[in-house]
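Report on the following structure.
Quick caveat, the model's predicted, so the values are computed rather than measured.
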Amino acid sequence: LPAFAWAVEWSDPSARPPLQTAGPEQPPPEKTLLFDGNYWGVLGGIVGSTLDVPLAGVAPLGLGGRAAGRFSTITQFADLEAGVEYAQFSGTSGANRASRLNFAVNAALHPAFPLLVFNDWLYDVLSGIHGFVGVAASRMAVQGAQATASARSPQDPASDWRPMLSCGAGVDIPVSARNKSRGWWLTARYAVRWARFGETLPYRDVGDGQFQLLLGWRSYDNSWARLPRPF
């Protein structure tokens, strides 16, 4: 020990070194800031569709985008989403190509919504797993060799509007800090869709599988639609 240590009277409390503590315990977040599954928000991102019956001279995968608004209530048991999406199928030869335009409404259920009670990131993800059904006004357009089958020139597109049905599953993942009044979320989904078009198109029964990867912003302040938080 250094020489001065022998001269210190350690029984004197004022001579003892200060204790190092972790500081006061942080208070839990306010109850009003705990994510309870009630929100309104907007989301957008990329979509990709693969037709059940590929079109001759057209790429099997169509890529595009989707933008939508979303509303959730009853502690995320159910949510409603309305949006628009567009996907383009480029041609593999000549002037052939096709496109899909949809104005869609989806309703989703989250069977694991009670897990929000644990107030944890992992349980937020598990409660974000959802199944959904949807309807849409869908426009299918084809051009090139596909259009000539409808007695049109290859330069003129053949198109038709019809109702479309869909169902699928997805998951919502929080990507920003929790226990705030708003936040960013990532949504990944897969849907199976079907529409029956009229005689304007050479292919009437059009089914496809679609994946969606969307980034969304949510506001958790729809207190007017919120049930009392039981936890």
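- Val47 and Leu165 are not part of a single hydrophobic cluster, where members link through side-chain heavy atoms under 4.5 Å apart.
- A donor-acceptor pair is defined here as one N or O able to donate and one able to accept, closer than 3.5 Å; no such pair exists between the side chain of Gln76 and the backbone of Asn38.
- Put simply, the side chain of Ser49 does not reach to within 4.5 Å of the side chain of Arg100, judged on heavy atoms.
- In this structure, Ala78 and Ser72 approach most closely via the heavy-atom pair O-OG, 3.5 Å.
- Separation of atoms CG (Leu126) and CZ (Phe118) is listed at 10.5 Å; rounding is to 0.5 Å.
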inquiry  = As a quick check of understanding, evaluate side-chain contact (heavy atoms from CB on, under 4.5 Å) for Ile173 and Trp185, giving each step before the final call.
reply    = CA-CA 5 Å; Ile173 304 171; Trp185 291 67; 5.7 Å; no
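- Tracing side-chain contacts under 4.5 Å through hydrophobic residues (I, L, V, M, F, W, Y), one never reaches Leu61 starting from Tyr86; they form parts of separate clusters.
- We find that Asp160 and Arg196 are not joined by a salt bridge, their nearest charged nitrogen and carboxylate oxygen being 4.0 Å or further apart.
- With hydrogens and angles disregarded, no donor-acceptor distance shorter than 3.5 Å links the side chain of Asn102 to the backbone of Ala104.
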task = Given side-chain contact (heavy atoms from CB on, under 4.5 Å), test His130 with Arg189 step by step and report yes or no.
result = CA-CA 9 Å; His130 56 277; Arg189 296 186 187 134; 3.5 Å; yes
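- The cluster map of Ile, Leu, Val, Met, Phe, Trp and Tyr, joined by side-chain heavy atoms under 4.5 Å apart, puts Met164 and Val135 in different clusters.
- In terms of heavy-atom proximity, Ser127 sits nearest to Ala112 at CB-O, 3.4 Å.
- Annotation: side chain of Asn106 is not in contact with side chain of Val133 (no heavy-atom distance under 4.5 Å).
- Taking 4.5 Å as the limit, every side-chain heavy atom of Ser90 sits out of range of all side-chain heavy atoms of Arg97.
- The hydrophobic cluster containing Leu214 does not contain Phe132, counting ILVMFWY residues as joined when their side-chain heavy atoms lie under 4.5 angstrom apart, directly or transitively.
- Side-chain atoms of Ser99 never come within 3.5 Å of backbone atoms of Gln88 as a donor-acceptor pair (strictly under, hydrogens ignored).
- A chain of hydrophobic side-chain contacts below 4.5 Å, direct or via other Ile, Leu, Val, Met, Phe, Trp or Tyr residues, connects Val117 to Leu122.
- Side-chain contact check for Leu101 versus Val84: some heavy-atom pair is nearer than 4.5 Å.
- Salt-bridge check for Glu85 with Arg139: failed, with every basic side-chain N at 4.0 Å or more from each acidic carboxylate O.
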task = May I have the step-by-step check of side-chain contact (heavy atoms from CB on, under 4.5 Å) for Leu186 and Leu213, ending in yes or no?
result = CA-CA 7 Å; Leu186 186 67; Leu213 187 61; 4.1 Å; yes
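- Annotation: the span from Cys167 atom SG to Trp194 atom CH2 amounts to 12.5 Å, rounded to 0.5 Å.
- Atom CG in Leu116 sits 11.0 Å away from atom CG in Asp120 (nearest 0.5 Å).
- Atom CZ of Arg70 is separated from atom CH2 of Trp40 by 14.5 Å, given to the nearest 0.5 angstrom.
- Inter-residue side-chain proximity for Thr50 and Gln210 is flagged as unmet; no heavy-atom pair is nearer than 4.5 Å.
- For an aromatic pair to be called close, the ring centres must be under 6.0 Å apart, and Phe211 with Tyr190 fails this.
- Here the closest non-hydrogen pair linking Pro111 and Pro114 is O-CD, 3.8 Å.
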inquiry  = Run the side-chain contact (heavy atoms from CB on, under 4.5 Å) test on Leu80 and Val105 for me, step by step, so that the C-alpha distance in whole Å, both residues' side-chain angles and the decisive distance to 0.1 Å come before the verdict.
reply    = CA-CA 7 Å; Leu80 188 67; Val105 177; 4.0 Å; yes
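- When side chains are defined from C-beta on, Glu81 does not count as touching Phe71, because their heavy atoms never get closer than 4.5 Å.
- Ring-plane geometry between Phe77 and Phe113 is classed as perpendicular, the angle between the planes exceeding 60 degrees on a 0 to 90 degree scale with a lower cut at 30.
- Taking 4.5 Å as the limit, every side-chain heavy atom of Leu43 sits out of range of all side-chain heavy atoms of Trp217.
- Taking the ring centre of Tyr39 as origin, the terminal cationic atom of Arg218 falls inside the region bounded by 6.0 Å and 45° from the ring axis.
- Under a 3.5 Å cut-off, the side chain of Trp121 and the backbone N or O of Pro174 do form a donor-acceptor pair.
- Contact annotation: the side chain of Phe197 approaches that of Ser138 to within less than 4.5 Å [non-hydrogen atoms, C-beta and beyond].
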